[in-house]
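Residue numbers count from 1 along this sequence. Nothing here was measured: the structure is a model prediction, and the numbers come from that model. Side chains are part of it too, since the values below use all heavy atoms of this structure and drop only hydrogens, waters and symmetry mates.
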Amino acid sequence: MKYANIYLGVLTTLLLASCKHNETKTTENKAQAIAVNVTKVESSQANKEVSVSGNVDGSTTVRLGFLVAGRINFISSREGQNIGKGQLVATIEPTNYKIAKDLSDVQVNQVSDEFNRLKIMRDRNSISESDFSKVNFTLQQAKLQQQLQQKNLTDTKLYSPISGVLIKKLGEAGEIIGTGNPLLVISDIRKVKVLAYIPEGELHLIKLGQMAEVTISALDKTFKGRVTEVGSAADATSRAFTIKIEVDNPGLLIRPGMIAEARIKTNVAAQRILLPLEIINHDLDNQEFVYVVDQSQNKAFKRKISIGKVADNQVEVVSGLNVGEVVVSAGQNKLSDGSLITIK
């Protein structure tokens with residue numbers, strides 16, 4: 001009986017010590033747990049957007065050159081200056097063409113005198129009809145030559161066929177230029193076009209007339225645009241299709257050659273996961289991740305994700321998360337993979 005009481009006392013002491021140890025351990029774990037806020041992953045329905053980048057070009061761009069050869073003696077002085085329709089933009093030395101025109105005038109006068117004299121004689125039946133026809137043809141030939149020389153003289157002056165901006169100058173005063181060689185590039189930029197390429201897998205989402213938001217990073221501004229052309233044939237190398245987006249250009253701020261980013265809204269609905277931008281973390285390799293909560297263990301585990309478009313402080317999660325999972329939304333800066341947590 002005595003030994004039984006002693007055994008019972010020892011057992012009770014051990015049980016009390018074990019309970020106290022477990023209580024102490026639980027208290028320590030609670031003290032080590034990090035308080036966080038969490039949010040449940042949900043999906044939302046939104047129309048798909050197609051993002052493309054491209055170069056800006058003028059609505060109409062012309063490359064001007066002379067129809068006659070010669071030495072340039074005047075050319076518009078500055079690239080970037082505004083040019084009006086019909087404005088004189090360049091000339092070449094006209095002396096040779098003026099002399100040729102004067103010679104043709106002399107020829108016409110000479111043949112005209114002979115024509116008038118022979119016409120009087122024909123009316124008197126003093127010459128044959130055949131002789132009169134010859135001088136008549138000679139006069140017509142002289143007049144045509146006169147018209148040609150007048151045109152050559154006129155073509156020594158170059159006028160702009162459109163209103164726009166002088167984009168590029170390909171020659172300087174004093175240079176000799178050949179017939180048809182480009183000298184000036186002028187572009188109408190009251191409206192501009194964004195030329196971009198779109199993968200064939202997204203081509204079915206693009207339709208004529210769709211609205212687009214066009215961002216010009218050089219100006220730090222966003223403009224409204226509209227799809228005006230969709231290519232019918234893919235580029236042989238990239239397998240991408242050309243599209244053109246027309247943008248109004250108030251103040252002529254947008255210039256050809258600028259880089260543009262365009263977001264085109266489609267009518268195709270899709271489910272997607274959106275998270276606030278501040279929830280997303282980055283590791284040393286710049287890989288995006290979040291902390292996913294395991295509620296059965298009261299722990300948060302690191303989960304790598306892939307993200308898509310960012311808009312209105314929301315980021316689209318393309319892969320790595322499932323609807324219904326719980327992620328840490330605040331306090332994640334104190335966490336490491338597998339940290340104990342307590343939810344506020």
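- The two residues Y97 and V68 make their nearest non-hydrogen contact at OH-CB, 3.5 Å.
- The CD1 atom of I279 sits 7.0 Å away from the CD atom of Q332 when rounded to the nearest 0.5 Å.
- Applying side chain to side chain contact (heavy atoms under 4.5 Å, CB included) to I245 and the options I264, L195, V56 leaves one that passes, I264.
- Judged purely by atom type and a 3.5 angstrom limit, S59 has no side-chain atom pairing as donor or acceptor with the backbone of V192.
- Hydrophobic clustering of Ile, Leu, Val, Met, Phe, Trp and Tyr side chains at less than 4.5 Å, counting indirect connections, unites I34 with V293.
- Under the 4.0 Å criterion applied to side-chain N and carboxylate O atoms, E79 and K169 are not assigned as salt-bridge partners.
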Inset, instruction - Apply side chain to side chain donor-acceptor pair (under 3.5 Å) to S329 and N37, showing your working. - result: CA-CA 5 Å; S329 59; N37 291 336; 5.2 Å; no
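- To the nearest 0.5 angstrom, L274 atom CG is 11.5 Å from N313 atom CG.
- I307 and V318 fall into different hydrophobic clusters, where Ile, Leu, Val, Met, Phe, Trp and Tyr side chains are chained together by heavy-atom contacts under 4.5 Å.
- For K193 and E246, the salt-bridge test fails: no basic side-chain N is under 4.0 Å from an acidic carboxylate O.
- Summarising the geometry, atom NE2 belonging to H204 is positioned 8.0 Å from atom OG1 belonging to T266; distances are rounded to the nearest 0.5 Å.
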Inset, instruction - Could you walk me through whether Q107 and Q145 pass side chain to side chain contact (heavy atoms under 4.5 Å, CB included), step by step? - result: CA-CA 9 Å; Q107 183 69 20; Q145 186 65 26; over 6 Å; no
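- Cluster membership for V194 and I198, using ILVMFWY side-chain heavy atoms within less than 4.5 angstrom, is shared.
- Distance alone, capped at 3.5 Å, is enough to place a donor-acceptor pair between the D337 side chain and the K302 backbone.
- Judged by the 6.0 Å and 45° rule, K304 forms no cation-pi pair with F289.
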Inset, instruction - Please report the C-alpha distance between R239 and D235 in whole Å, then the side-chain angles of each, then the deciding distance to 0.1 Å, and finally whether the salt bridge (charged side-chain N to carboxylate O under 4.0 Å, His left out) criterion is met. - result: CA-CA 5 Å; R239 305 307 303 166; D235 180 80; over 6 Å; no
Legend entry - Steps toward salt bridge (charged side-chain N to carboxylate O under 4.0 Å, His left out) verdict (E175, R71): CA-CA 6 Å; E175 293 183 12; R71 179 173 59 84; over 6 Å; no
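- S76 has its side chain within reach of Q81: a pair of non-hydrogen atoms, C-beta onward, lies under 4.5 Å apart.
- L275 and F301 fall into different hydrophobic clusters, where Ile, Leu, Val, Met, Phe, Trp and Tyr are joined by side-chain heavy atoms under 4.5 Å apart, directly or via other members.
- Side-chain atoms of L166 and L184, non-hydrogen and from C-beta on, do get closer than 4.5 Å to each other.
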Legend entry - salt bridge (charged side-chain N to carboxylate O under 4.0 Å, His left out) assessment of R303 paired with E325: CA-CA 11 Å; R303 177 85 61 81; E325 291 186 302; 3.0 Å; yes
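- Contact check for L321 versus V290: side-chain heavy atoms found under the 4.5 Å cut-off.
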Inset, instruction - Start with the C-alpha distance between I162 and V62, add both sets of side-chain angles, then the distance that settles side chain to side chain contact (heavy atoms under 4.5 Å, CB included), and finish with yes or no. - result: CA-CA 8 Å; I162 62 171; V62 294; 3.9 Å; yes
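- Considering all non-hydrogen atoms of both residues, A69 and G178 come closest at CB-CA, 4.1 Å.
- In the model, D131 has a side-chain atom that pairs as donor or acceptor with a side-chain atom of S128 under 3.5 Å.
- Inter-residue side-chain proximity for E261 and S217 is flagged as unmet; no heavy-atom pair is nearer than 4.5 Å.
- Cluster membership check: I186 does not share its hydrophobic cluster with L170, using side-chain heavy-atom separations under 4.5 Å among Ile, Leu, Val, Met, Phe, Trp and Tyr.
- Across V108 and A142, no two heavy atoms sit closer than the pair CG2-O, 3.3 Å.
- A distance-only check finds a donor-acceptor pair linking the side chain of Q287 to the backbone of I305 [under 3.5 Å].
- In this structure a side-chain-to-backbone donor-acceptor pair under 3.5 Å is present from Y291 to L335.
- Between P161 and L64 there is a side-chain heavy-atom pair separated by less than 4.5 Å.
- The shortest distance between side-chain heavy atoms of V323 and I273 falls below 4.5 Å.
- Taking a 6.0 Å sphere around CD of Q314, one finds it holds more than 12 heavy atoms contributed by other residues, nucleotides or ligands.
- Rounded to the nearest 0.5 angstrom, S112 OG and K119 NZ are separated by 13.0 Å.
- Applying the 4.5 Å side-chain rule to ILVMFWY residues, one finds V111, F115, L118, M121, F132, V135, L139 in the same cluster as I127.
- Of the possible donor and acceptor atoms, one in the side chain of S163 sits under 3.5 Å from a partner among the backbone N and O of K85.
- Within 6.0 Å of the CZ atom in F137, the count of heavy atoms belonging to other residues, nucleotides or ligands does not exceed 12.
- Between the side chain of Q210 and the main chain of L205, a donor-acceptor pair closer than 3.5 Å is present.
- Between the CD atom in E288 and the CG atom in D283 there is a gap of 8.5 Å [rounded to 0.5 Å].
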Legend entry - Intermediate values then yes/no, side chain to side chain contact (heavy atoms under 4.5 Å, CB included), I216 and F223: CA-CA 8 Å; I216 308 294; F223 303 84; 3.9 Å; yes
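- Looking at heavy atoms from C-beta onward, I75 lies in side-chain contact with L183 at the 4.5 angstrom threshold.
- The backbone N or O of T95 sits less than 3.5 Å from a side-chain atom of E93, completing a donor-acceptor pair.
- Closest heavy-atom contact between G231 and F241: O-CD2, 3.5 Å.
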With a cut-off of 3.5 Å and sequence neighbours excluded, list every side-chain donor-acceptor pair involving residues 247-259.
{"from": "D248", "atom 1": "OD1", "to": "K191", "atom 2": "NZ", "distance (Å)": "2.4"}
{"from": "N249", "atom 1": "OD1", "to": "L253", "atom 2": "N", "distance (Å)": "3.1"}
{"from": "N249", "atom 1": "OD1", "to": "I254", "atom 2": "N", "distance (Å)": "2.9"}
{"from": "N249", "atom 1": "ND2", "to": "I189", "atom 2": "O", "distance (Å)": "2.8"}
{"from": "N249", "atom 1": "ND2", "to": "I254", "atom 2": "O", "distance (Å)": "2.9"}
{"from": "R255", "atom 1": "NE", "to": "L252", "atom 2": "O", "distance (Å)": "3.2"}

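- Using a distance-only test at 3.5 Å, with no hydrogens or angles considered, a donor-acceptor pair links the side chain of D188 to the main chain of R190.
- The closest side-chain heavy-atom distance from I177 to I92 is below 4.5 Å.
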Output side-chain donor-acceptor pairs under 3.5 Å for residues 147-158, partner residues at least two apart or in another chain, one line each.
{"from": "Q150", "atom 1": "NE2", "to": "T154", "atom 2": "OG1", "distance (Å)": "3.3"}
{"from": "K151", "atom 1": "NZ", "to": "D155", "atom 2": "OD2", "distance (Å)": "2.7"}
{"from": "T154", "atom 1": "OG1", "to": "Q150", "atom 2": "O", "distance (Å)": "2.9"}
{"from": "T156", "atom 1": "OG1", "to": "L153", "atom 2": "O", "distance (Å)": "2.6"}

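- In this model, a donor atom of one side chain and an acceptor atom of the other lie less than 3.5 Å apart for D105 and Q146.
- Pairing each heavy atom of G58 with each of S187, the nearest pair is CA-OG, 3.1 Å.
- Distance CD/E114 to CG/N136: 11.5 Å, rounded to 0.5 Å.
- Around atom NZ of K168, no more than 12 heavy atoms belonging to other residues, nucleotides or ligands sit under 6.0 Å away.
- S133 and S130 share no side-chain donor-acceptor pair at under 3.5 Å.
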